[in-house]
J.: 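After the structure tokens below, expect a handful of questions from me.
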Amino acid sequence: DFVKPFYKDESYKTILTFEVIENREDFFSWRVTECLNAKVFRELNAADIGYATLCHGDEAWAKAFNPKIEFTRTKTLMEVKSPRS
């Protein structure tokens, strides 16, 4: 149920491009390849603000949805340095 909105909600489809690595009943893994929010915040040299407001709370959001969810992320596109940097 936690990941269903990413598939069904059209607004996510306009913000994120992702590939599903694994999708089981008890495990979900994906790789986000494009994020409109990250693009905009990085172009404004405000990725730190974007990360703080949009990415940082994701683990807490998952735990609030279901305390048994183990949320792991290695990096975000918001944190990736722009080629212009």
J.: Which atoms form the tightest heavy-atom contact between Asp48 and Asn45, and what is the distance?
T.: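 Where Asp48 meets Asn45 most closely, the heavy atoms are OD1-O, 4.5 Å.
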
J.: With a 4.5 Å heavy-atom cut-off, do Leu54 and Met78 have their side chains touching?
T.: yes

J.: Do Phe65 and Asp1 have side chains that get closer than 4.5 Å, going by heavy atoms?
T.: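 Yes, at least one pair of side-chain atoms sits under 4.5 Å.
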
J.: Working to the nearest 0.5 angstrom, can you tell me the gap between Ile21 CD1 and Trp30 CH2?
T.: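 Between atom CD1 of Ile21 and atom CH2 of Trp30 there are 11.5 Å.
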
J.: Do Thr76 and Tyr51 have side chains that get closer than 4.5 Å, going by heavy atoms?
T.: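 Yes, at least one pair of side-chain atoms sits under 4.5 Å.
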
J.: Are more than 12 heavy atoms from other residues, nucleotides or ligands located less than 6.0 Å from atom CZ of Arg31?
T.: no

J.: For Asp26, does the CG atom have more than 12 heavy-atom neighbours from other residues, nucleotides or ligands under 6.0 Å away?
T.: yes

J.: If every non-hydrogen atom of Lys63 is compared with every non-hydrogen atom of Ile69, which pair is closest and at what distance?
T.: NZ-O, 2.6 Å

J.: If we ignore hydrogens and angles and just use 3.5 Å, is the side chain of Ser29 paired with the main-chain N or O of Glu22 as donor and acceptor?
T.: no

J.: Between Leu77 and Val32, is there a side-chain heavy-atom distance shorter than 4.5 Å?
T.: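 Val32 vs Leu77: side chains touch.
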
J.: Would you call Ile15 and Asn37 a side-chain contact if the rule is heavy atoms closer than 4.5 Å?
T.: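 In short, these two side chains touch, coming nearer than 4.5 Å.
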
J.: Does the side chain of Phe2 come within less than 4.5 Å of Trp61's, by heavy atoms?
T.: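 Yes - at least one pair of side-chain heavy atoms lies under 4.5 Å apart.
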
J.: Enter the distance from His56:NE2 to Asp58:CG here, rounded to the nearest 0.5 Å.
T.: 10.0 Å

J.: Below 4.0 angstrom, N of the basic side chain to O of the carboxylate: do Glu43 and Lys39 qualify?
T.: yes

J.: Counting heavy atoms not belonging to Glu19, are there more than 12 under 6.0 Å from its CD?
T.: yes

J.: Do Leu36 and Phe41 have side chains that approach each other closer than 4.5 Å (heavy atoms only, starting at C-beta)?
T.: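 Answer no - side chains too far apart.
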
J.: Taking the side chain as every heavy atom from C-beta outward, state whether Cys55 and Glu79 have any atom pair closer than 4.5 Å.
T.: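 No. Closest side-chain heavy atoms not under 4.5 Å.
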
